[in-house]
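The next block holds one structure in the form of structure tokens; read it before the comments.
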Amino acid sequence: MLTVEDEKYRTAKGGSQNFEGAICSANMTNMVILPDGRVTICEQLYWHPNFIIGDIRQNSISEIWNSPGALDIWHRKQSSLTPKSPCSRCADFTSCFEASNRCYANIMKAYGTSNYDFPDPRCHLAPKFTHTINHE
């Protein structure tokens, strides 16, 4: 019997431009101001330090949008990923990260917050989940 995980996830090949579902807007068209003034790329990432790109109390929106943190996420280097991530050795890395359709929230739901650089759960290179991400 197939599980929801087997039916919906770990099947897409060729990078994030081939993932089914809505296109992620994090750090493409959206950013989120948290209650304390810090700014993250996605409302589901909250205060995860790797996704805080600025602080509205200290910088303008333009400065935050063009900050080193935002640009580093946008232009992620394969060498910056942990060796345990399958993305660190993936041939589709450049096209996948340039398409920017990876869901960091689902990645961390599936693998934990320390594995934010793992493949999106929709990717065929995504390892077996260590946490359930469905709502059944």
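- Under a 4.5 Å side-chain heavy-atom criterion applied to ILVMFWY residues, the cluster that includes Leu125 comprises that residue alone.
- Atom-to-atom distance recorded for Thr40:OG1 and Phe51:CZ is 7.5 Å, nearest 0.5 angstrom.
- Under the rule for a salt bridge (Lys or Arg N to Asp or Glu O under 4.0 Å), the partners of Asp55 that lie at least two apart in sequence or sit in another chain are Arg57.
- Grouped with Trp47 in one hydrophobic cluster are Leu34, Tyr46, Ile52, the linkage being side-chain heavy-atom contacts under 4.5 Å among Ile, Leu, Val, Met, Phe, Trp and Tyr residues.
- Between the side chain of Gln78 and the backbone N or O of Cys87, at least one donor-acceptor pair lies under 3.5 Å.
- Listed by chain and number, the residues in a ring pair (Phe, Tyr, Trp, His ring centres under 6.0 Å) with His124 amount to none (sequence neighbours excluded).
- Under the ring pair (Phe, Tyr, Trp, His ring centres under 6.0 Å) criterion, Tyr111 pairs with Phe118, Phe129, not counting sequence neighbours.
- Applying the ring pair (Phe, Tyr, Trp, His ring centres under 6.0 Å) test to pairs two or more places apart or on separate chains, none has a residue in residues 64-85.
- Judged as a salt bridge (Lys or Arg N to Asp or Glu O under 4.0 Å), and not counting sequence neighbours, the contacts of Arg38 are Asp36.
- Partners of Ser60 according to the side chain to side chain contact (heavy atoms under 4.5 Å, CB included) rule, which considers only residues two or more places apart in sequence or in another chain, are Ser62, Glu63.
- Nearest heavy-atom pair, Tyr116 versus Asn50, reported as atom, atom and distance to 0.1 Å: OH-ND2, 3.0 Å.
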CA sep, side-chain torsions, deciding dist, call: Met31, Ile53, side-chain contact (heavy atoms from CB on, under 4.5 Å): CA-CA 9 Å; Met31 60 182 166; Ile53 60 172; 4.2 Å; yes

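- Counting only residues at least two apart or on different chains, the side chain to side chain donor-acceptor pair (under 3.5 Å) pairs with a member in residues 12-27 are Ser25-Asn30.
- Considering only residues two or more places apart in sequence or on other chains, Ile56 meets the side chain to side chain contact (heavy atoms under 4.5 Å, CB included) condition with Ile33, Val39, Ile61, Ile64.
- The backbone N or O of Thr82 sits less than 3.5 Å from a side-chain atom of Asp117, completing a donor-acceptor pair.
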Identify every side-chain donor-acceptor pair in residues 90-97 under 3.5 Å, counting partners at least two apart or on other chains, and give the distances.
from  : atom 1 : to    : atom 2 : distance (Å)
Ser95 : OG     : Asp92 : O      : 3.2

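- The nearest pair of heavy atoms linking Ser80 to Arg76 is OG-CD, 3.4 Å.
- Taking CD1 of Ile41 as the reference point, atom CD1 of Ile73 lies at 4.5 Å (rounded to 0.5 Å).
- Applying the side chain to side chain contact (heavy atoms under 4.5 Å, CB included) test to Cys103 and every residue at least two apart in sequence or in another chain returns Ala105, Asn106, Asp120, Arg122.
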side-chain contact (heavy atoms from CB on, under 4.5 Å) between Met108 and His131, worked out: CA-CA 9 Å; Met108 290 190 288; His131 307 286; over 6 Å; no

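- Between Cys42 and Val32 there is no side-chain heavy-atom pair separated by less than 4.5 Å.
- Considering all non-hydrogen atoms of both residues, Cys24 and Asn101 come closest at N-OD1, 2.8 Å.
- The hydrophobic clustering, which links ILVMFWY residues whose side-chain heavy atoms are closer than 4.5 Å, places Ile133 and Phe19 apart.
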